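Convention: sequence-line order gives letters A, B, ...; per-chain numbering from 1. What you are looking at is a predicted structure, and each value in this text was computed from that prediction instead of being measured.
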Amino acid sequence: MNDSYLKNVIEAALLAAGRPVALAELRELFDEFARPDAVAVEAALGELAADYAGRGIVLAEVASGWRIQVRADVAQPVSRLWQERPAKYSRALLETLALIAYRQPITRGEIEDIRGVAVNPNIVRTVLERGWVRVIGHRDVPGRPELLATTREFLDYFGLKTLDDLPTLAQLKDVESLGVQLEFDRPGDPALAEASDVQEAPADDVAPGAAAGGAGD
Amino acid sequence: MNDSYLKNVIEAALLAAGRPVALAELRELFDEFARPDAVAVEAALGELAADYAGRGIVLAEVASGWRIQVRADVAQPVSRLWQERPAKYSRALLETLALIAYRQPITRGEIEDIRGVAVNPNIVRTVLERGWVRVIGHRDVPGRPELLATTREFLDYFGLKTLDDLPTLAQLKDVESLGVQLEFDRPGDPALAEASDVQEAPADDVAPGAAAGGAGD
Amino acid sequence: MNSPLTPAEPRPEQAEMPFAIVDGEPVTEPPRDLYIPPQALKVFLEAFEGPLDLLLYLIRRQNLDVLDIPIAEITRQYLNYIDLMRELELELAGEYLLMAAMLAEIKSRMLLPRAQSEQAEEDDPRAELVRRLQEYERFKRAAEDIDHLPRLERDVWVAQAELIERAVAPLLPDVTLKEMLLAFQDVISRAAMFAHHHVQRERLSVRQRMSEIIERLQGGELLGFAQLFRVEEGRMGVTVTFVALLELLREGLLDIVQADTYAPLHVRAATPRSDQPAANDDAAGAASDDILESR
């Protein structure tokens, strides 16, 4: 038997099985007259293990046999396949972010003045950590409050070239028409594609939510 | 980002998922600030596909994304992993599925019209339960029958990217041209020769029946 | 021909000698190509997916074009099969009997003299049957084609590897621009209730430039006034920078310093000021208000 055929069958079988496969079972995959002996199978397994060096997978022997598993150093990104997107950002965070974008450079106090409520420090920390906002200086008033401004990452995230691409306040007045003028949906985001499907439906997640959000924070 | 890291993560993710993974989802595995663009992911997929040449596995694109699967030429030995023979679907199920695939959206009544027999409710239940078919609405006629259509899982299961990849439906010969090919009186047809003997018989009781029969089915 | 057509009585066979009478009905001999033992016959007949399938089988068996069915012969064979099904006590679906009636009816129509020759083509009683047969055959073939596609669990297996430890890497929520804009609209409309907050319709590039300038002045360094302008940005860019400077001055975020009369102007981040030159502030404010179209 061709060595690479033996190796190919073993690799395919280990990957198809979805469970560990014992060496004896691997031998059984072949017709009797062409059945490799245990030594040949072990040699093929050794080659496979070597092939996987520097790759995202490893060959491992466990109690019930051999299996191919994800290498630990890529487990972290791969784990995201199973992660649920967390809840959305609060209305308060979005308002804070919007004010920083439109009125930058701006201090927390100024945001509070406009919003009429105190800004939760966690909100500012979140947008700073996200890399959307940064402190660009301090206003020269008592307490020297931090001046907040948006970053290039902020523009990138929202697909804007400059802040000028944000709609003007006058345009904002007619939010309904915004959907037409702006490409709101970022490509490749399934959640958003879904959302656009229901645009005709009463936008209860938008208008009443706005009122609720305003009252709720 | 290191190219081989990108490729390793993608390979490990496709293998860990055990299902097709969309390109956008692959990009999402990476942190925002280090997210590869679609071109980079496609390049890595291309490299993976090249790596698998001559191996027991292949990279395949299906409706819901990319998956790694067992190469056809080792499928026979690999199939021995499973003692049970794979499910064989009845002709009735396959014909029903074909009608839904090629004629969607379609109602059960329309399927019955074309197949000339009642559709067994179990068949519809089976294709619904397998996730190959779903009800996408109701036809606006009396009884509001369910409109059936195939799903992405159907395409995935049969290794197709889009419905366009289905085998071409045999061309229906032009019914308009039938008259030319239909020989009305077939000399030498014993039944018809016999029939000509009774031509004198009053035809009135037959002709109206013919009209009714034509309209009635 | 004047008795109503019943599918159970295949009329062409009346001339033949029935070889058996079953339940009072004459049964002619089984189709000649059926060299199948009676036990298998049941399986054979059950294999048909309905009358169209059976008819197609009969037509194909004789290598005939669907478009050119010798209706009398096919009808005879079809009825033979139906009789066989009855004889074997197979559950005979109503569709088979319906088809038998349709065939008999087509046949009887074909016996009629062709009165209106110009309508003959349209009126060919076989046309509808042929159309249905063709349509059915297309999907019969399509079903076979689908069955031949390599499918999961039979021909194809998805490769999978074990992920032992699922690391926890929190995903961050997504935000759409629209969400943010709606939030902004909301906060602005609420703020409008507070008299002194008038948010003008202004060029955001001025805001962006303000941020950039402040950042450049971090660390307290002194920048030449001219250094802040980039000629390559054109008149618009220069205007934006100038307005941004005025706005920063008005907000007290930077100082403009001049060592001597006619000496070059420099800017720096504002230092704590004791006495504020009111005139300067007013002028800057007025200028920026003009350009920013504040109201």
Does the pair Gln76(B) and Val9(A) meet the rule for a side-chain contact (heavy atoms from CB on, under 4.5 Å), with working shown? CA-CA 9 Å; Gln76(B) 195 266 331; Val9(A) 169; over 6 Å; no
Using 0.5 Å steps for rounding, measure from the CG atom of Leu81(B) to the CD atom of Glu28(A). 11.0 Å
Neighbour count >12 (heavy atoms, 6.0 Å) for atom CG, Asp37(A): yes
Considering residues, nucleotides and ligands other than Arg108(A), do more than 12 of their heavy atoms fall under 6.0 Å from its CZ? yes
Quick one: of Ile10(B), Asp73(B), Leu15(B), Leu29(B), who has the most non-hydrogen atom pairs under 4.5 Å with chain A? Leu29(B)
Atom CZ of Arg152(A): over 12 foreign heavy atoms under 6.0 Å: no
Any residue of residues 55-66 of chain B which, by heavy atoms, sits under 4.5 Å from chain A: Arg55(B), Gly56(B), Ile57(B)
Can you confirm whether more than 12 heavy atoms, excluding those of Arg27(A), are under 6.0 Å from its CZ atom? yes
Side chain, backbone, both or neither: which part of Glu11(A) has a non-hydrogen atom closer than 4.5 Å to chain B? side chain
Pair count under 4.5 Å, heavy atoms only, with chain A: among Leu23(B), Val74(B), Asn8(B), highest is Asn8(B)
Minimum-distance pair of heavy atoms, taken over all atoms of Ala16(A) and Val78(B): CB-CG1, 3.8 Å
Residue among Val21(A), Asp31(A), Asp156(A) with most heavy-atom pairs under 4.5 Å to chain B: Asp31(A)
Which heavy-atom pair separates Pro77(A) from Tyr5(B) by the least distance, and what is that distance? CG-OH, 3.4 Å
